[in-house]
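Remember, predicted model here, so these are calculated numbers, not experimental data. Note that these values count all heavy atoms, side chains included, but never hydrogens, waters or copies made by symmetry. Quick note on labels: first sequence line is chain A, next is B, and so on, each numbered from 1.
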Amino acid sequence: MASPKELSAFLKDVEKRAYKRALYHVRNNESALDIVQDSMMRLAESYGDRPANELPMLFQRILSNATLDWFRRQKVQNAHFASFGNFESDTDEGDFDILESLSTAETAVAFENPETQSMRVETLQMIEAELVQLPDRQREAFLLRYWEDMDVAETAVAMGCSQGSVKTHCSRAIHRLLKTLSAKGIRL
Amino acid sequence: MKKSKAHHRQDHLNPVLDAAGERLAQILLRSVDTLDPNTLQRLRAAREQAVEQHRMALVHVAQTGMSMAGHGSVGRVDSEDPRVPVWQRLSSVGMLIALLLGLWLIDTIQNENSLQDAAEVDRVLLIDDLPPAAYLDPGFKYFLKLSYPTKSR
């Protein structure tokens with residue numbers, strides 16, 4: 001059983017990423033905070049008796065469900081909620097060449113130069129803007145796999161789908177992000 | 001067939017895509033460090049509330065466990081609590097037996113007294129003088145006839 005100290009340390013470690021992840025989905029600051037708070041309370045109330053090493057997976061699953069619940073409530077409140085329909089939509093990747101959008105190692109080092117601070121901020125904002133435009137399932141798969149640093153199997157468990165679906169969602173998400181960023185002249 | 005090949009290809013995330021995904025995530029993670037103080041404060045409050053909830057749940061579980069243990073010991077007192085000495089249990093049985101004996105003795109004495117009272121009444125009646133009016137009673141006359149047939153004849 002996780003002690004209050006272990007639970008506190010875990011939540012402190014994940015709370016910022018959880019908030020941003022929720023924010024990318026719901027695009028509303030208050031709602032994102034509510035979702036994170038709700039997820040924390042659900043974890044403490046329902047799964048506080050679980051070992052500390054099980055908390056990360058449980059929390060990610062709870063956060064996903066809380067986000068989905070938020071979309072469901074929004075759908076009930078607004079029958080014409082268009083974004084929710086994106087959950088199962090997909091886009092074609094075309095013949096986009098990934099390698100062209102990736103910079104070399106030297107370029108990546110140059111990217112870290114303090115003189116390019118404004119460029120970094122601009123790039124971050126562009127990626128965030130494109131991320132929120134992704135279909136929800138693709139965004140969720142991308143965030144769990146790379147943002148939360150889960151492996152494919154863990155992501156599949158958290159999303160309640162197959163590993164193949166996770167790979168497909170991630171692949172399409174990265175293709176779309178790189179393609180859009182490349183069109184704007186941004187290379188990573 | 002062509003479609004299934006394309007689907008199969010999508011199921012395998014190649015290393016280049018993986019690297020691109022990680023690089024995108026690295027850039028995105030920088031946004032975590034730029035959260036405003038108000039948001040951080042609210043996240044901290046939410047975390048503390050959840051931890052407090054967890055702490056209360058632990059206390060509740062502990063109290064429930066202690067309560068159940070207490071109920072268990074109370075249940076044993078009535079039947080087989082080893083802390084009650086043998087002499088105390090034997091004295092309880094002895095007192096019960098004494099009570100039953102006392103009740104039996106009282107009942108026996110009361111029966112004896114009522115028999116003695118009835119015998120005393122009979123004795124007084126038998127030794128007392130017979131009143132003359134008794135000879136006018138048909139029942140008594142019939143009694144004398146049966147008891148002393150020769151005299152009455």
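- Put simply, of A:Ser8, A:Ala2, A:Cys170, the one with the most heavy-atom pairs under 4.5 Å next to chain B is A:Ser8.
- Between the CG atom of A:Leu33 and the CD atom of A:Glu15 there is a distance of 10.5 Å, given to the nearest 0.5 Å.
- Residues B:Leu40 and A:Lys16 have side chains in contact (heavy-atom distance under 4.5 Å, counting atoms from C-beta outward).
- Taking chain A as the reference chain and counting heavy-atom pairs below 4.5 Å, the highest number among B:Val51, B:Leu28, B:Leu24, B:Val32 is found for B:Leu28.
- Both the backbone and the side chain of B:Leu43 have a heavy atom closer than 4.5 Å to some heavy atom of chain A.
- Looking at A:Ser162 and A:Ser165, their side chains do bring a donor and an acceptor atom within 3.5 Å of each other.
- The part of A:Lys20 that comes within reach of chain B is its side chain, from C-beta onward, which places non-hydrogen atoms under 4.5 angstrom from that chain.
- Contact annotation for A:Lys5: neither backbone nor side-chain heavy atoms come within less than 4.5 Å of a heavy atom of chain B.
- Looking at A:Arg145, the atoms closer than 4.5 Å to chain B (heavy atoms on both sides) all sit in the side chain, from C-beta outward.
- When heavy atoms are compared at a cutoff of 4.5 Å, A:Leu124 approaches chain B by way of both its backbone and its side chain.
- Using a 4.0 Å cut-off between charged nitrogen and carboxylate oxygen, A:Arg42 and A:Asp38 count as a salt-bridge pair.
- Both the backbone and the side chain of B:Leu29 come within less than 4.5 Å of a heavy atom of chain A.
- Hydrophobic clustering (ILVMFWY, side-chain heavy atoms < 4.5 Å, transitive): B:Leu17 and A:Leu131 are in one cluster.
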Checklist entry - Should A:Glu130 and A:Arg176 be marked as a salt bridge (charged side-chain N to carboxylate O under 4.0 Å, His left out) after you check the CA-CA gap, both sets of side-chain angles, and the distance that decides it? => result CA-CA 9 Å; A:Glu130 291 306 319; A:Arg176 182 164 168 171; 5.7 Å; no
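- Inter-residue side-chain proximity for B:Arg47 and A:Lys12 is flagged as met; some heavy-atom pair is nearer than 4.5 Å.
- Of the charged side-chain nitrogens involved, at least one lies within less than 4.0 Å of a carboxylate oxygen, so that B:Arg42 and A:Glu30 count as a salt-bridged pair.
- At a 4.5 Å heavy-atom cutoff, the contact between A:Leu11 and chain B is made by backbone and side-chain atoms alike.
- In the displayed structure, B:Phe140 atom CZ is contacted under 6.0 Å by more than 12 heavy atoms of other residues, nucleotides or ligands.
- Contacts between A:Asp149 and chain B at a heavy-atom distance below 4.5 Å are absent for every atom of the residue.
- For a residue to count as touching a neighbouring chain, one of its non-hydrogen atoms must lie under 4.5 Å from one of that chain's; by this rule B:Thr39 touches chain A with backbone and side chain alike.
- The residue among B:Ala45, B:Ser31, B:Ala57 with the most heavy atom pairs within less than 4.5 Å of chain A is B:Ser31.
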Item to check | B:Arg123 and B:Glu120: CA distance, side-chain angles, deciding distance, salt bridge (charged side-chain N to carboxylate O under 4.0 Å, His left out) verdict | outcome: CA-CA 5 Å; B:Arg123 188 183 66 82; B:Glu120 181 64 19; 2.6 Å; yes
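- Residue contact with chain B, scored on non-hydrogen atoms closer than 4.5 Å, involves the backbone of A:Ser3 exclusively.
- B:Asp18 touches chain A through backbone and side chain together, each having a heavy atom under 4.5 Å away.
- Among A:Ala32, A:Ala44, A:Pro4, A:Ala18, the residue making the largest number of heavy-atom pairs under 4.5 Å with chain B is A:Pro4.
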